[in-house]
Amino acid sequence: MQNSPTPAPITSVLVANRGEIARRVHRTARALGMTTVAVYSDADSGAPHTREADAAVRLPGNTPGETYLRGDLVIAAARAAGADAIHPGYGFLSENAGFAREVIDAGLTWVGPPVAAIEAMGSKIEAKKMMGEAGVPMLADLEPADVTEDMLPVLVKASAGGGGRGMRVVRTLDSLHDEIAGARREARSAFGDDAVFCERYLERGRHIEVQIMADSHGTVWAVGERECSIQRRHQKVIEEAPSPLVERTPGMREKLYSAARDAASAIGYTGAGTVEFLATDDGEFFFLEMNTRLQVEHPVTEATTGLDLVALQLDVAAGLPLPSTTPPAAHGWSFEARLYAEDPASDYTPGSGTLWALDVPGVSSRFEGPHRPGIRVDSGVEPGADGAVIGVHYDPMLAKVISYGRTRSEACASLAGALTRAKIHGLTTNRAQLVRVLRHPEFIAGNLSTAFLDDHGAQALAAPLADDEAVAISALAAAIVSGTADHAAGPVALAQAGFRNVGRTLQRRTYRFGEDELEVAYIRDRSGAHADGDLAEVVRVGQVRPDSVDLEVRGVRHTFSVARYEVVGSDTVVEVDSPLGPVPLIEPPRYSDPGAEVAAGSLLAPMPGAVIRVAVSVGDTVTAGQPLLWMEAMKMEHTISAAVDGIVTELPVEVGTQVETGTILAVVAEPDSTDADSTDPASTDTTTPQE
């Protein structure tokens with residue numbers, strides 16, 4: 001069954017999703033005069049997408065399986081709120097043919113492609129067969145049992161879903177079985193379908209995709225191409241339109257568009273979709289998959305074409321034809337960077353906690369355009385006075401930051417500058433890696449591949465934007481501003497910080513920056529504050545304000561803004577922003593809590609999550625690097641491994657245990673000593689990212 005050719009006009013649309021995509025669809029629906037309906041889990045009860053909608057319906061529970069993946073609850077919510085259409089966004093139920101059928105059977109308009117088209121593309125295995133018959137170029141499938149040494153490396157890939165989940169690169173035959181098993185677990189958890197297949201892996205291919213828009217009247221548009229080659233673990237992090245490879249390869253765009261239209265026509269496609277290809281540097285390309293939904297990176301196509309893809313989706317769902325003219329040709333250039341709460345320097349460990357500030361300068365639009373050179377931000381979070389809590393149940397994307405410029409270099413520089421100057425407080429993010437990629441000479445030259453991060457050193461690209469001296473100067477700025485605030489807050493003169501009747505005193509403060517401890521000192525006298533120590537010859541202190549200070553560094557003045565966030569029972573977070581780079585600092589309490597110490601050899605949870613598998617028992621002998629247990633957090637699987645050779649002496653968790661960051665997962669004591677000298681954080685391997 002598929003959409004009726006003449007459905008009733010849409011007056012009210014429910015978005016079966018959350019976060020930034022829900023807000024994105026709501027914006028266009030409101031502009032078209034529609035009523036908007038949100039659904040929300042308990043974890044999202046105060047989220048912006050629920051507050052902005054005209055109506056919101058609770059889905060009891062927190063996990064996706066309890067809430068956003070419950071099609072029956074979503075349809076019931078639409079009925080309760082009086083919605084006559086459901087837009088699925090991306091992820092969750094967006095490519096679930098059964099859900100689409102249930103929506104239509106319930107008498108609601110499905111804002112998506114026909115059920116048959118979703119079914120045809122829902123299995124990547126069957127989709128590749130169908131595309132081959134339609135003449136679309138592709139890589140041959142490999143049966144896992146038939147893979148031999150000379151075929152390596154191969155890619156194990158989930159047949160259902162997308163977004164990099166259930167995908168593993170296999171480089172040795174002896175790891176093939178375990179990687180297939182892991183891919184099956186992730187696919188089953190994310191999509192309810194554990195089917196996987198293998199195909200040849202192009203180590204340094206380029207990921208090119210074509211945006212399709214088709215109506216039920218026979219029109220199929222190839223709207224434009226995007227390049228999404230900057231990826232980690234098959235998860236896109238920077239996308240752009242158009243593709244620099246396509247731009248410089250004569251005839252490639254026409255061939256890509258023709259193949260994409262053939263793919264859409266072969267399955268009777270309607271609505272928005274994306275045909276993805278893997279290309280070589282000489283312009284040869286192969287079909288990867290077709291996403292039967294709107295893509296995360298759709299804003300770069302909107303910026304370069306001027307189209308509103310969500311509005312076109314709603315028009316097509318309502319039975320309207322696409323304009324008779326061909327889609328507008330792309331103009332200018334656009335980039336999208338996915339800003340995640342994750343630590344690329346620690347194997348992309350996802351983060352959770354309080355986001356105190358997310359302020360990107362120069363924003364000209366949100367959830368639309370931009371229609372002129374500038375910055376667009378699509379975000380599902382809005383920190384207020386108490387910050388915004390980033391939980392563990394969903395992926396850790398904080399925002400999509402999109403630039404548009406007249407040329408590729410302009411758009412690239414604009415995005416890098418906006419990310420550099422953004423105030424992002426409270427969580428570790430991938431901001432530094434994004435900026436370093438955007439400013440890398442090879443990226444600027446358009447020399448890209450899906451192995452870009454590995455080829456150019458993922459760790460080096462994740463290095464902080466502020467160098468060691470900038471960190472020290474930022475810590476000095478934090479100390480001066482904090483000391484001035486303490487001074488101003490003193491109840492009487494004799495109690496004020498830094499006061500001595502001799503008129504001059506040395507002030508010291510200690511901060512942590514990552515794993516490093518910094519002690520900075522400055523002198524306060526009647527004339528103001530002065531740097532001390534190594535910085536005395538480098539820095540001159542200018543005007544001090546309650547939340548910022550001007551520091552002259554080797555004759556060049558910069559303003560350092562300082563924000564302090566004090567959390568009961570926790571260290572104080574001090575965020576320093578300046579043109580020298582953002583510097584997050586931790587101000588530890590003056591006195592430590594002995595009760596907070598943990599046993600030597602303890603493996604601690606690196607993030608909140610759930611234990612999904614345990615491979616050892618108390619008393620087992622283990623070796624360094626041996627997997628002990630697995631966690632699931634933010635739709636990703638993490639392996640917790642022994643840091644040293646030893647014996648498991650404690651195992652306080654079991655399958656299903658929910659843990660917070662820092663929870664003891666296991667204790668491994670060295671055989672010759674039960675009193676190890678140090679406590680080891682859990683060694684983790686993050687295997688698969690989310691949509």
Side-chain angles (χ1 to χ4, degrees), residues 168 171-172 174-175 177-179 181-183 185-186 189 233 342-353 392 428 458-459 462 512 514-517 569-571 586 588 592-689:
R168 309 287 184 94
R171 303 184 186 280
T172 61
D174 59 2
S175 65
H177 175 77
D178 288 343
E179 297 291 8
R185 285 195 305 271
E186 292 161 0
S189 173
R233 296 196 181 92
E342 66 181 16
D343 187 358
S346 296
D347 207 22
Y348 298 98
T349 301
S352 63
V392 301
T428 299
Q459 288 291 320
R512 289 200 311 272
E515 299 299 318
D516 299 328
E517 186 172 283
S570 182
D571 296 335
I586 298 295
S592 62
D593 179 6
E597 297 180 6
V598 297
S602 297
L603 296 175
L604 310 180
M607 77 286 290
V611 176
I612 59 173
R613 184 182 169 201
V614 178
V616 295
S617 301
V618 172
D620 286 356
T621 299
V622 297
T623 58
Q626 178 180 335
L628 306 184
L629 55 90
W630 287 259
M631 289 178 57
E632 186 175 69
M634 294 183 176
K635 299 195 288 185
M636 296 158 53
E637 185 178 295
H638 309 267
T639 303
I640 308 300
S641 303
V644 296
D645 296 348
I647 298 171
V648 179
T649 58
E650 295 182 36
L651 191 65
V653 298
E654 59 185 17
V655 173
T657 302
Q658 295 284 335
V659 298
E660 296 298 324
T661 301
T663 300
I664 296 175
L665 302 173
V667 178
V668 177
E670 296 182 47
D672 297 331
S673 173
T674 56
D675 297 318
D677 293 332
S678 63
T679 298
D680 295 308
S683 173
T684 64
D685 173 30
T686 304
T687 54
T688 302

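A quick note: this is a predicted structure, and the numbers were derived from the prediction, not measured. Atoms considered below: every heavy atom in the structure, side chains included; atoms not considered: hydrogens, waters and symmetry mates.
In this structure, the separation between CD1 on Ile664 and CD on Glu650 is 6.5 Å, given to the nearest 0.5 Å.
Residues Ser641 and Gln626 form no side-chain contact, since every pair of their non-hydrogen atoms from C-beta on lies 4.5 Å or further apart. Counting heavy atoms from C-beta on, the side chains of Met631 and Arg613 never come closer than 4.5 Å. Looking at heavy atoms from C-beta onward, Val611 lies out of side-chain contact with Glu654 at the 4.5 angstrom threshold. Counting only heavy atoms from C-beta outward, the side chains of Val614 and Leu651 approach each other to under 4.5 Å.
Here the closest heavy-atom approach between residue Val622 and residue Ala642 is recorded as CG2-CB, 4.0 Å. The minimum heavy-atom distance linking Ser617 with Val648 is given by the pair O-CB, 3.6 Å. Across all their heavy atoms, Ser602 and Val667 have their closest contact at OG-CG2, 3.6 Å. Heavy-atom minimum distance, Ala615 versus Pro627: CB-O, 4.1 Å. Ala610 approaches Gln658 most closely through the heavy-atom pair CB-NE2, 3.4 Å. When every heavy atom of Ala669 is checked against every heavy atom of Thr649, the shortest pair comes out as CB-CG2, 3.8 Å.
Listed by chain and residue number, Asp343, Gln459, Ala462 satisfy the side-chain contact (heavy atoms from CB on, under 4.5 Å) test with Ala345 (two or more places apart in sequence, or in another chain). Take Asp645 and apply the side-chain contact (heavy atoms from CB on, under 4.5 Å) test, not counting sequence neighbours, and it matches Thr623, Ala624.
For Asp178 and Arg168, the salt-bridge test fails: no basic side-chain N is under 4.0 Å from an acidic carboxylate O.
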Legend entry - Worked verdict on Asp347 versus Thr349 for side-chain hydrogen bond (donor to acceptor under 3.5 Å, both in side chains): CA-CA 6 Å; Asp347 207 22; Thr349 301; over 6 Å; no
Legend entry - Derivation of the side chain to side chain contact (heavy atoms under 4.5 Å, CB included) call for Glu186 and Glu632: CA-CA 9 Å; Glu186 292 161 0; Glu632 186 175 69; over 6 Å; no
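The side-chain contact (heavy atoms from CB on, under 4.5 Å) test with Leu665 singles out one residue from Leu604, Leu628, Leu629, and that residue is Leu629.
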